[in-house]
Amino acid sequence: MHQPLYPFSDTLVRRLREAERVAVLTGAGISAESGVPTFRDPDGLWQKFRPEELANVEAFLDNPTLVQGWYAHRRAVVEDVAPNDGHRALAALERWVVGRGGEFLLATQNVDGLHRRAGSESLVELHGTITRSHCIDCHAPAHESALEAGPLTCENCGGLVRPDVVWFGEALPEEAIGRATEAAAMADVYLSVGTSSVVYPAAGLPQIARQSGAYVAEVNPEPSDIAWRLHEQVRGRAGDILPEIVGALGAAMPRPDEPLP
Ligand code: BJW
Ligand code: ZN
């Protein structure tokens with residue numbers, strides 16, 4: 001029986017070749033193969049801890065030690081893992097697009113910093129970063145050292161220390177969501193990778209791209225909440241599929257040990 005060469009369409013490859021502007025959205029799924037648990041998959045983080053309990057300011061004020069402890073644990077996980085082929089393929093895709101005189105933007109919902117470590121440069125972090133923290137009162141940057149008994153507080157004013165991430169009910173960084181929205185509206189091809197697309201405004205970005213005329217594909221082993229609205233669903237793991245897309249374009253994949261540019 002005839003087996004197609006790739007699990008994605010010729011149209012996707014052709015549209016990427018013709019594209020002047022390419023934009024990408026990623027979610028927790030792209031880091032799953034690095035060993036960072038997702039939020040909503042069966043063995044995801046929030047099977048133990050529900051988002052309402054931890055990822056909002058009320059929960060933090062209610063039990064700062066619990067929430068700080070959760071982030072300290074996740075920070076330790078992130079420090080212990082490395083970018084995978086999915087992250088590397090997106091860095092390669094950026095180089096390929098920019099090398100042809102095109103424009104590229106990667107908007108990630110992830111707070112783990114793995115895209116930057118894989119060499120992505122044109123990057124916005126929509127939900128902040130887990131590696132930095134600040135005081136909720138004087139806003140001074142703070143170091144999240146090992147947790148002692150009781151909540152971690154600011155050296156300047158004694159206020160509670162929180163991670164530089166975006167919790168439910170909080171606005172996304174204006175510049176990041178602004179650039180991501182503009183890139184979605186301008187894109188010729190839009191890829192949505194490893195996100196369940198249940199959290200807004202990020203989940204709106206592929207839909208903005210589609211309404212603005214982009215060819216929109218998602219890469220995910222499972223259909224996301226908005227899969228039916230997109231042109232193409234590429235079923236599979238990001239670390240398998242994205243290098244194949246990059247390979248179909250003839251773009252070079254960096255080796256895991258390659259020094260960053
Ligand atoms: C693989 C794979 C592999 C597995 N390869 N794939 C109704 C409509 C619209 C909005 C709202 C609404 N009701 C409430 C809202 C607002 C709310 C919201 O969207 N709620 C929904 C739940 C309904 N949004 C907000 O509150 C946002 N702010 C806001 O709207 O502000 C308005 C405002 C304006 C002005 C002033 C004040 C306010 C903020 C949202 C912040 C989200 N924050 C979190 C926590 C960040 C910090 C942290 O990390 O702890 O962000 S929640 C969590 O979800 C995290 C993630 O970035 C986000 C998205 O999750 P993601 O990445 O999609 O992960 P999963 O686990 O859900 O999915 C993983 C996927 O990977 C799955 O599909 C797998 O199949 C797949 N996968 N292995 C590829 N190998
Ligand atoms: Zn302070």
Side-chain angles (χ1 to χ4, degrees), residues 25-47 49-60 67-68 70-75 77-78 84-87 89-90 107-113 125-143 152-174 176-177 191-207 218-227 233-243:
L25 172 70
T26 61
I30 195 165
S31 295
E33 290 159 71
S34 290
V36 183
T38 63
F39 293 94
R40 297 174 183 83
D41 287 329
D43 59 349
L45 283 174
W46 285 350
Q47 298 307 306
F49 300 109
R50 294 190 56 73
E52 310 79 64
E53 287 172 60
L54 298 180
N56 67 75
V57 78
E58 292 78 21
F60 174 68
V67 175
Q68 287 174 345
W70 185 49
Y71 281 97
H73 162 73
R74 290 175 53 201
R75 212 172 291 117
V77 169
V78 163
N84 65 55
D85 279 346
H87 299 105
L90 290 180
T108 187
Q109 299 169 82
N110 300 344
V111 298
D112 56 28
E125 293 175 317
L126 297 170
H127 294 164
T129 171
I130 201 172
T131 53
R132 288 194 293 270
S133 301
H134 67 272
C135 167
I136 61 165
D137 290 328
C138 74
H139 304 286
H143 297 287
L152 201 68
T153 52
C154 173
E155 288 174 8
N156 298 333
C157 77
L160 289 168
V161 167
R162 64 162 284 178
D164 284 8
V165 300
V166 182
W167 283 329
F168 284 113
E170 295 181 329
L172 277 63
E174 211 169 304
I177 188 63
L191 298 178
S192 176
V193 182
T195 176
S196 60
S197 286
V198 297
V199 174
Y200 285 79
L205 294 169
Q207 304 178 70
E218 82 171 18
V219 177
N220 198 316
E222 305 291 333
S224 78
D225 231 41
I226 60 162
Q233 301 176 31
V234 187
R235 290 279 148 259
R237 304 189 322 164
D240 298 329
I241 302 290
L242 294 174

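Every number for a ligand or one of its atoms is a count from 1 in the order of the listing.
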Fill in the blank from the handout: Vertex the Zn ion (ligand 2), ends C135/SG and C157/SG: angle to nearest 10° comes to 100°
Completion exercise
At under 4.0 Å between heavy atoms, what of V198 touches ligand 1? The answer is backbone
Handout entry: Heavy-atom neighbours of E170 CD exceed 12 at 6.0 Å
Key = yes
Practice task
Could you verify whether a donor N or O on one side chain and an acceptor N or O on the other, from T195 and Q109, lie under 3.5 Å apart?
Solution key: yes
Handout entry: Nearest neighbour of atom 65 (P) of ligand 1 from the list G169, S196, S34, on a heavy-atom basis
Key = S196
Fill in the blank from the handout: Rounding to 0.5 Å, atoms NE2 (H139) and CZ (R162) come to a distance of 10.0 Å
Problem - Check: N56 side chain, A59 main-chain N or O, donor-acceptor pair, under 3.5 Å - result: yes
Exercise for the section: Compute the shortest N/O to N/O distance between F39 and ligand 1 and return yes if it is under 3.5 Å, no if not. Expected result: yes
Problem - Contact check: C154 to the Zn ion (ligand 2), N/O/S below 2.8 Å - result: yes
Practice task
May I ask you to check whether G236 has an N/O atom sitting below 3.5 Å from an N/O atom of ligand 1?
Solution key: no
Problem - Which of the ligand 1 atoms, numbered from 1, are nearer than 4.0 Å to a heavy atom of A238 - result: 3 (C), 5 (N), 79 (C)
Exercise for the section: Report yes if some N/O of V166 lies less than 3.5 Å from some N/O of ligand 1; otherwise report no. Expected result: yes
Problem - I30 heavy atom under 4.0 Å from ligand 1 - result: no
Exercise for the section: Can you sort out the partners of A203 under side chain to side chain contact (heavy atoms under 4.5 Å, CB included), two or more places apart, ordered by chain and number? Expected result: S197, Y200
Problem - Side-chain H-bond candidate by donor/acceptor type, S31 with H87, under 3.5 Å - result: yes
Fill in the blank from the handout: E222 heavy atoms within 4.0 Å reach ligand 1 at atoms 75 (O)
Problem - Atoms in ligand 1 with a heavy atom of E33 nearer than 4.0 Å - result: 3 (C), 5 (N), 80 (N)
Exercise for the section: State the atoms of ligand 1, each with its element, that fall below the 4.0 Å cut-off from a heavy-atom position in G27. Expected result: 62 (O)
Practice task
Indicate yes or no: does an N/O atom of V199 lie under 3.5 Å from an N/O atom of ligand 1?
Solution key: no
Handout entry: Numbering as shown, the atoms of ligand 1 that approach F168 to under 4.0 Å (heavy-atom distance)
Key = 17 (C), 20 (N), 22 (C), 26 (O), 52 (S)
Exercise for the section: Consider every N or O of W70 and every N or O of ligand 1, then say whether any pair is closer than 3.5 Å. Expected result: no
Completion exercise
Counting from 1 in the order shown, the ligand 1 atoms closer than 4.0 Å to a non-hydrogen atom of T195 are 61 (P), 63 (O), 70 (C), 73 (O)
Problem - Lys NZ or Arg CZ of R75 over W70 ring: under 6.0 Å, within 45° - result: no
Practice task
Check the side chains of E218 and S224 for a donor-acceptor pair under 3.5 angstrom, ignoring hydrogens and angles.
Solution key: yes
Problem - A28 backbone acceptor or donor facing N110 side chain under 3.5 Å - result: yes
Exercise for the section: Pick one of side chain, backbone, both or neither for how Q109 approaches ligand 1, counting any non-hydrogen atom pair under 4.0 Å. Expected result: both
Practice task
Scan T26, L25, V166, T108 and name whichever one has a side chain to side chain contact (heavy atoms under 4.5 Å, CB included) with L126.
Solution key: L25
Fill in the blank from the handout: Hits for side chain to side chain contact (heavy atoms under 4.5 Å, CB included) against A140, two or more places apart or cross-chain, chain-then-number order -> C138, N156
Problem - Atoms in ligand 1 flagged as close to V111, the criterion being non-hydrogen separation under 4.0 Å - result: 49 (O)
Fill in the blank from the handout: In terms of its nearest heavy atom to atom 54 (O) of ligand 1, the top option of E170, R237, R40 is R40
Problem - Flag, side chain of Q68 to backbone of V161, donor-acceptor distance under 3.5 Å - result: yes
Problem - Close-contact set for ligand 1 against V165 heavy atoms, below 4.0 Å - result: 47 (C)
Practice task
Assess the side chains of T129 and D164: does a donor N or O sit below 3.5 Å from an acceptor N or O?
Solution key: no
Exercise for the section: Check each heavy atom of W167 against ligand 1 and say whether those closer than 4.0 Å belong to the side chain, the backbone, both or neither. Expected result: backbone
